[in-house]
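Take a look at the structure set out below.
Counting convention: from 1, in listed order, for ligands and their atoms alike.
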Amino acid sequence: MTNDPLASQPAPTGASAGNADGPENGAKVQVSLRINGNDYRIRIDPRTTLLDCIRETVALTGTKKGCDHGQCGACTVHVNGRRVVSCLTLALLHDGDEITTIEGLGTPDAMHPMQAAFVACDGYQCGYCTSGQIMSAVALLKEPCGPDDASVKELMSGNICRCGAYPGIVAAIQHVRKH
Ligand code: FES
Ligand code: FES
């Protein structure tokens, strides 16, 4: 007889103790991602988020990590043309998908019209949220959205700006929509 409350519980075995093929032992999976028109065949920990894969493995750091919990929109990218918060999805789920980050949208010398509008309309201050804002804004152009500012604000509500640059952001989006 023992007073140890754990004495009757079986010792951990199998996967719960660390399977030889499990990620605990560093097993990696191969994934093929097409990012901004370039093909990347990479080996990653299967638990890697798309955000961490883009930033840490592929070294495209224009996509930002804000909350890492799907609440701020800083990590927004396009997957097959639709916006996705990349911190909430695993990279291995996107094998073969077409991914676009802010680096694939335009360059300083040849900006996407939305990038140019953000500059012209003062749609940013510190810039940390800006790549996510722009990726969301470009995706919004192909989504059902009413013509007024309130409709734009509603569809952009997943993108937080701690600097409060919202008036400029809405103005930039409306500028692109009307021209
Ligand atoms: Fe992904 Fe905030 S970092 S939503
Ligand atoms: Fe600073 Fe949006 S511009 S957080």
Side-chain angles (χ1 to χ4, degrees), residues 23 29 31 33-36 38 40 42 44-108 111-145 148-177:
V29 294
V31 62
L33 299 179
R34 186 164 176 79
I35 304 178
N36 302 332
N38 299 311
Y40 297 87
I42 48 184
I44 55 171
D45 183 311
R47 299 166 295 183
T48 307
T49 64
L50 181 59
L51 172 61
D52 285 342
C53 182
I54 289 170
R55 285 184 55 84
E56 310 297 335
T57 308
V58 183
L60 291 172
T61 55
T63 304
K64 302 303 183 194
K65 181 182 283 189
C67 63
D68 210 18
H69 284 81
Q71 295 175 345
C72 75
C75 65
T76 304
V77 299
H78 296 173
V79 176
N80 298 329
R82 301 182 67 179
R83 52 177 157 164
V84 166
V85 281
S86 58
C87 69
L88 282 192
T89 186
L90 295 174
L92 63 82
L93 297 177
H94 297 286
D95 195 79
D97 281 348
E98 189 83 35
I99 296 162
T100 306
T101 69
I102 191 73
E103 290 92 342
L105 214 56
T107 66
M111 287 192 283
H112 185 283
M114 191 63 77
Q115 292 173 308
F118 266 65
V119 173
C121 299
D122 267 342
Y124 58 92
Q125 186 171 321
C126 78
Y128 198 84
C129 74
T130 309
S131 59
Q133 300 277 3
I134 290 174
M135 296 310 288
S136 266
V138 171
L140 176 152
L141 298 175
K142 293 185 285 184
E143 298 170 6
C145 179
D148 54 330
D149 288 359
S151 298
V152 171
K153 290 176 186 175
E154 174 73 25
L155 288 193
M156 291 297 291
S157 61
N159 289 80
I160 307 300
C161 176
R162 292 163 185 80
C163 298
Y166 298 111
I169 292 169
V170 173
I173 295 169
Q174 292 293 51
H175 176 81
V176 174
R177 295 178 83 205

Counting each atom of ligand 1 from 1 as listed, which ones have a heavy atom of [X] under 4.0 Å away?
| X | value |
| --- | --- |
| Q71 | 4 (S) |
| D68 | 2 (Fe), 3 (S) |
| C72 | 2 (Fe), 3 (S), 4 (S) |
| G70 | 4 (S) |
| C67 | 2 (Fe), 3 (S), 4 (S) |

Flag, side chain of N80 to backbone of E98, donor-acceptor distance under 3.5 Å: yes
Heavy-atom closest pair, residues Q125 and C163: CB-CB, 3.7 Å
Residue pair V138 / H112: nearest heavy atoms and the distance that separates them: CG2-CE1, 3.6 Å
We want to know whether [X] and [Y] form a side-chain donor-acceptor pair, criterion being a heavy-atom distance below 3.5 angstrom.
| X | Y | result |
| --- | --- | --- |
| N36 | T101 | yes |
| T48 | D45 | no |
| R83 | T76 | no |

D68/K65 salt bridge by N-O under 4.0 Å criterion: yes
Basic-acidic side-chain contact under 4.0 Å: E143, R82: no
4.5 Å side-chain heavy-atom contact, L50 and H94: yes
Side chain to side chain, C145 and V152, heavy atoms closer than 4.5 Å: yes
Whether C75 has an N, O or S atom under 2.8 Å from atom 1 (Fe) of ligand 1: yes
2.8 Å cut-off met by an N, O or S atom of C87 to atom 1 (Fe) of ligand 1: yes
Atom 2 (Fe) of ligand 1 contact by H69, N, O or S atom under 2.8 Å: no
Atoms of the protein (N/O/S only) found under 2.8 Å from atom 1 (Fe) of ligand 2: C126 SG, C163 SG
